[in-house]
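Worksheet for the structure shown next.
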Amino acid sequence: MIEARHLRVLRAVAATGSFSAAGRELGCTQPAVSQQMKALEASVGTPLLVRTGREMRLTEAGEALVRHAAGILAGLTAAEEEVAAIAGLRAGRVRLVSFPSGSSTLVPAALAALRAAHPGTRVSLEEAEPPQSVEKLRAGDCDIALAFRYEGAEAGVEEWDDLVVRPLLTDRLVGLVPEGHRLARAESVAIGELAGEPWIAGCPRCRGQLVQVCASAGFTPRIDFATDDYPAVVGLVGAGLGVAVLPQLAVESVRPRGVRPVALEPAVRREIVALTLPDLAQVPAVAATLGELARAAVR
C-alpha cells in the first residue's frame with residue numbers, strides 16, 4: 001500500500017536531488033528520508049531511485065510514481081479540506097423526510113435557524129408518513145426521519161430499537177366539529193358522543209388510530225370521506241359533512257375556518273420524534289439539524 005507521506009518524501013527527493021536536501025525541505029533527518037524511501041520501494045516492489053556518484057536519479061518506475069503523485073496528493077488535500085469544512089459545519093448536506101404536519105410546523109423554523117447558524121449546510125426535504133419515512137432512513141435514502149407513534153398503539157418501542165430517537169414533543173389529538181354543531185361549545189367531548197356522526201378520516205395511519213379509539217369507546221365510525229389532505233378534512237367538516245379527529249399539529253398547519261376544535265376525553269396523544277442512524281448522529285450537520293428540530297418543538 002502506497003502511503004501519502006511516502007509520496008511527499010519521493011517528490012521532495014526528486015525535486016532536490018538528495019536525501020539530505022529533501023530532509024531539510026521536509027523538516028526531518030536524512031536517515032528518516034532514507035527509511036521512508038526504503039519503505040516506499042518495499043511497498044511497490046521495485047527500485048525508485050538510483051545513486052550515480054553524488055547524484056540521485058529516478059528510475060522509470062520512480063518517474064511514473066512522481067507523475068502520479070502530484071494528482072494523488074492534490075486530491076488528498078482537496079478531500080481533507082472538504083471533510084474539514086463538513087466537520088466544521090462550513091459545508092454539508094442533510095436529507096430530511098417528514099410527515100406533512102411536521103413539514104409545515106416544526107421544519108420551517110428549524111431549517112431557518114440552521115441556515116442562519118450554518119449557511120453552508122444544505123437540507124433537502126421530502127414528505128412521507130411513517131412507517132415509509134422510517135423505511136427510507138434504514139434504506140439509506142435519507143439522514144433524518146420525522147416520525148410519530150400513538151400512545152398505546154399495537155406497534156411497540158422495539159420498532160425503533162436500532163435507531164437514535166430524539167423526542168421532540170407530545171401532540172394531542174383534537175376533535176373537529178362544524179361551528180353549528182351541538183357540541184361546538186363544549187370544553188371537552190367524549191369520543192363516544194360522536195358515535196352517530198358521519199366521519200372524515202385522515203391519513204391511513206391516523207385512520208387506523210381513529211378506528212382503534214372508536215372501538216375502545218364501543219362503536220365503529222361511519223367514514224364517509226377519507227383524505228390525506230388536512231385542509232380538505234377541515235373544509236369537509238366546515239361544510240357540515242361530518243366530524244373528524246386530527247392531531248393538534250395538523251390543525252395548526254391549516255386555517256380551521258367553519259370548524260370548532262374540541263378537546264377529546266380520554267386524551268389521545270402521539271409522540272413526535274426525529275430519527276437517525278447511530279453513525280449519522282455523529283455527523284456534525286445531522287447533529288445540528290436534530291438540535292434545531294428539538295428547539296423548534298419547544299413552543
Side-chain angles (χ1 to χ4, degrees), residues 78-79 81-150 153-171 202-209 226-232 246-247 249-250 252-253 270-297:
E81 290 177 353
E82 183 174 349
V83 170
I86 293 170
L89 283 175
R90 300 191 305 276
R93 180 193 66 172
V94 178
R95 298 166 299 165
L96 174 64
V97 173
S98 172
F99 53 93
S101 57
S103 298
S104 57
T105 53
L106 299 177
V107 171
L111 297 194
L114 183 70
R115 176 174 291 182
H118 309 292
T121 299
R122 304 186 312 277
V123 181
S124 63
L125 175 63
E126 180 182 348
E127 287 193 343
E129 297 276 358
Q132 182 186 2
S133 58
V134 183
E135 291 169 358
K136 283 180 171 289
L137 176 63
R138 289 195 175 106
D141 294 330
C142 70
D143 304 308
I144 297 174
L146 232 59
F148 62 84
R149 59 184 170 198
Y150 287 98
E154 293 180 2
V157 294
E158 67 277 358
E159 65 177 313
W160 295 340
D161 278 353
D162 59 322
L163 305 174
V164 174
V165 181
R166 184 73 174 266
L168 298 180
L169 59 87
T170 299
D171 190 23
C203 72
R205 193 166 189 182
C206 297
R207 198 175 311 154
Q209 180 67 14
T227 174
D228 293 349
D229 186 68
Y230 292 134
L246 286 181
L249 276 185
E252 291 177 7
S253 69
R270 64 176 185 170
E271 179 190 11
I272 309 296
V273 301
L275 304 172
T276 191
L277 298 172
D279 289 342
L280 287 173
Q282 309 303 315
V283 176
V286 172
T289 305
L290 290 173
E292 295 299 348
L293 286 168
R295 280 185 278 276

**Message:** Side chains of Asp162 and Arg138, heavy atoms from C-beta outward: is any pair under 4.5 Å?
**Reply:** yes
**Asked** Under the side-chain contact (heavy atoms from CB on, under 4.5 Å) criterion, do Leu293 and Ile144 qualify, and how do the steps go?
**Response** CA-CA 10 Å; Leu293 286 168; Ile144 297 174; 4.2 Å; yes
**Message:** Pair Asp143, Val283 - check side-chain contact (heavy atoms from CB on, under 4.5 Å), show working.
**Reply:** CA-CA 10 Å; Asp143 304 308; Val283 176; over 6 Å; no
**Asked** Considering residues at least two apart in sequence or located in another chain, which fulfil the ring-ring contact (aromatic ring centres under 6.0 Å, His included) criterion with Tyr230?
**Response** none
**Message:** Strictly distance-based, threshold 3.5 Å: is any side-chain N or O of Arg95 a donor or acceptor partner for the main-chain N or O of Gly140?
**Reply:** yes
**Message:** Closer than 3.5 angstrom, by distance alone: can the side chain of Asp171 be matched with the main-chain N or O of Pro247 as a donor-acceptor pair?
**Reply:** no
**Item:** Arg270 side chain near Gln209 side chain, heavy-atom distance below 4.5 Å
**Value:** no
**Request:** Would you mind reporting whether Arg295 and Leu114 have side-chain heavy atoms less than 4.5 Å apart?
**Result:** no
**Asked** Would you say the side chain of Val273 lies within less than 4.5 Å of the side chain of Trp160, judging by non-hydrogen atoms?
**Response** yes
**Message:** With a 3.5 Å distance limit and no angle check, can you tell me whether Ser98 reaches the backbone of Ser103 through a side-chain donor-acceptor pair?
**Reply:** yes
**Asked** Below 4.5 Å, heavy atoms only, C-beta onward: do Val164 and Leu275 meet side chain to side chain?
**Response** no
**Prompt:** Between the side chains of Glu252 and Thr105, does any donor sit under 3.5 Å from an acceptor?
**Reply:** no
**Flag side-chain contact, heavy atom, 4.5 Å: Leu146 against Val97** = no
